[in-house]
There are 2 protein chains.
Amino acid sequence: MEEIRKRRDEMMMKRGLNPHISIDCVIFGFDFEQLNVLVIRRGVDKSKKKSRMALPGDLIYDDENLDEAADRILNELTGLKGVFLEQVGAFGDPDRIKTDDDQEWLRSIRKKPEARVVTVAYYSLLPMDNCKLLASSFALSAEWKPLKEINELAFDHLDILKDSYSKLRAKLATHPIGFNLLPEKFTLGQLHKLYEAILEKDIDKRNFRRKILKLDILTQLEEKQTGVAHKPSRFVKFNEKNYKKLSETGFDNFSF
Amino acid sequence: MEEIRKRRDEMMMKRGLNPHISIDCVIFGFDFEQLNVLVIRRGVDKSKKKSRMALPGDLIYDDENLDEAADRILNELTGLKGVFLEQVGAFGDPDRIKTDDDQEWLRSIRKKPEARVVTVAYYSLLPMDNCKLLASSFALSAEWKPLKEINELAFDHLDILKDSYSKLRAKLATHPIGFNLLPEKFTLGQLHKLYEAILEKDIDKRNFRRKILKLDILTQLEEKQTGVAHKPSRFVKFNEKNYKKLSETGFDNFSF
DNA sequence: CCAAAAGTGTTGAAGTTACACCCATGC
DNA sequence: GCATGGGTGTAACTTCAACACTTTTGG
């Protein structure tokens with residue numbers, strides 16, 4: 001703990017941490033069954049009761065903009081670069097630091113633990129497979145947790161998570177972003193399950209396939225699944241060009 | 001100028017201005033012809049060249065949350081309370097203060113003009129009629145300007161405006177929010193023009209009316225227009241209950 | 001042979017688009 | 001009487017929702 005603070009203090013000297021603005025990231029991953037969120041252990045475990053987990057986040061540096069800071073946090077934690085990342089918004093209730101536990105945690109990592117901090121939340125979609133979970137300057141450890149099982153988080157992180165999730169669902173209704181949660185090659189069945197998991201409802205298989213295919217953003221590959229105990233599915237990947245275009249325009253609807 | 005700073009300094013003593021976070025508001029109004037935006041004059045007119053205009057905005061107080069701060073700014077400027085207000089997001093490029101002009105303005109109103117400030121942007125929709133334009137602690141004067149004629153603004157306010165506008169359009173495609181720009185009683189023709197103005201395209205009159213009416217959020221009134229040189233239109237107003245419900249759920253579409 | 005997911009079409013209902021004329025009013 | 005926007009219906013087309021069976025593989 002003392003170590004962490006020391007290292008951070010050194011960093012601050014060099015680069016200029018801004019103690020008033022932080023970034024928190026809601027990192028979504030899909031394990032082909034359900035939606036998961038990356039949460040960190042803070043490690044204030046003094047009194048043996050398990051401390052609440054938190055969203056990964058950090059203060060920003062004075063020489064980086066908000067998107068860059070979010071990118072940095074994501075990269076420190078997962079080793080990934082250039083993944084889907086979108087701002088959710090700013091959260092800044094004066095009383096967002098609620099519990100003693102939270103306060104203790106802040107004292108352990110911040111120079112001015114009592115200062116009001118406004119946090120800017122981002123959500124990110126990434127393929128869970130080629131993603132390591134690294135300890136980092138702001139997290140003792142990190143782990144994936146099913147979205148449905150997350151009932152409490154430190155600070156106002158549960159609010160942030162809820163907002164992020166509803167933003168994800170809204171965006172999914174107008175933009176083909178779900179793909180960001182899957183590996184490069186995937187099957188329509190996986191995509192189908194992904195939509196069902198995010199939207200929390202059953203979707204008719206035939207209608208789903210028709211609708212997705214009509215978007216014309218997928219290229220069918222020759223390669224098939226192996227080692228599955230059922231008829232193997234053909235893999236698909238993006239048609240990058242069409243996908244980009246559609247990602248920008250979206251397929252809005254009350255459209256006239 | 002000196003006056004303004006003095007008054008603000010007093011306020012800060014009492015209440016605690018947070019010099020690191022500001023709020024900027026994009027206030028949209030509709031004059032039955034086109035979309036307008038409320039911009040303020042900053043009044044740094046020393047060198048006689050007209051200074052650029054800006055979005056209304058202010059630092060936040062330490063005891064108010066972000067939504068409250070936005071509400072306060074809006075209320076100071078227009079006298080209105082409880083109007084439609086939605087967060088756009090945080091903007092915080094380290095170099096958002098671009099010109100000498102901007103820097104001079106900051107020196108005139110802020111204690112620490114060189115500090116990095118992250119701003120949280122909101123957009124607001126309000127009926128232009130019962131809205132006064134008041135000078136306020138952060139604006140010498142305010143005026144409506146057609147959106148289309150705004151080609152430059154101070155700081156990064158033009159970026160904020162663009163983002164707000166596209167957020168407005170996206171939201172309009174899924175939620176019946178356009179009504180917030182109209183007075184309590186309005187005609188379908190006015191609403192039609194409003195949609196055309198925001199979406200920047202012609203919309204077939206009959207299809208528009210059918211689609212809007214099918215939402216079942218309007219109540220037809222007996223009262224008709226007077227003093228118009230054509231067949232007078234019946235006024236309509238909301239069915240509050242249905243409107244609320246639809247505002248929350250939206251009428252999304254890629255929906256399965 | 002059994003379990004498990006892949007893959008495939010049709011039909012009826014609902015929604016969308018495009019389009020033209022008469023009406024009520026002020027001047 | 002003329003200019004202006006208000007108000008109305010239909011037909012062709014597209015999209016959507018609901019629904020069941022055969023195929024391929026592993027075990």
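Reminder, nothing fancy here: chain letters follow the sequence lines and each chain counts from 1. Treat the numbers as computed from the prediction; the structure is a model and nothing was measured.
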Do the ring planes of A:Tyr243 and A:Phe179 sit parallel (below 30°), tilted (30 to 60°) or perpendicular (above 60°)?
perpendicular
Side-chain donor-acceptor pair present, A:Asn75, A:Arg72, cut-off under 3.5 Å
no
Could you verify whether a donor N or O on one side chain and an acceptor N or O on the other, from B:Tyr122 and B:Asp67, lie under 3.5 Å apart?
yes
Candidate pair A:Leu188 and A:Leu213, rule side-chain contact (heavy atoms from CB on, under 4.5 Å), full reasoning:
CA-CA 9 Å; A:Leu188 284 174; A:Leu213 291 173; 4.2 Å; yes
[X] [atom1] to [N] [atom2], straight-line distance once rounded to whole Å:
X: B:Arg209; N: D:dG5; atom1: CZ; atom2: C1'; result: 10 Å
X: B:Ile212; N: D:dG7; atom1: CD1; atom2: P; result: 14 Å
X: A:Glu196; N: C:dA5; atom1: CD; atom2: P; result: 12 Å
X: B:Lys193; N: D:dG5; atom1: NZ; atom2: C1'; result: 9 Å
X: A:Asp202; N: C:dA5; atom1: CG; atom2: P; result: 14 Å
X: A:Phe208; N: C:dA6; atom1: CZ; atom2: P; result: 11 Å
X: A:Gln225; N: D:dT25; atom1: CD; atom2: P; result: 12 Å
X: B:Leu213; N: C:dG15; atom1: CG; atom2: C1'; result: 16 Å

Can you establish whether the number of heavy atoms outside [X] located under 6.0 Å from its atom [atom1] is more than 12?
X: A:Lys167; atom1: NZ; answer: yes
X: B:Glu200; atom1: CD; answer: yes
X: A:Glu240; atom1: CD; answer: yes

Any [X] side-chain N or O less than 4.0 Å from OP1/OP2 of [N]:
X: B:Ser233; N: D:dG7; answer: yes
X: A:Lys211; N: D:dT15; answer: no
X: B:Arg234; N: D:dG7; answer: no

Identify all side-chain donor-acceptor contacts of residues 141-152 of chain A below 3.5 Å with residues at least two apart in sequence or on another chain.
| unit_1 | atom_1 | unit_2 | atom_2 | d |
| --- | --- | --- | --- | --- |
| A:Glu143 | OE1 | A:Arg41 | NE | 3.3 |

Any heavy-atom pair between the side chains of A:Leu218 and A:Phe186 that's under 4.5 Å?
yes
Can you build the contact string for nucleotides 19-27 of chain C? Use B for base contact, S for sugar-phosphate-only contact, and - for no protein heavy atom under 4.0 Å.
BB--BBBS-
Among residues 181-190 of chain A, which residues get a heavy atom nearer than 4.0 Å to DNA chain C?
A:Gly189
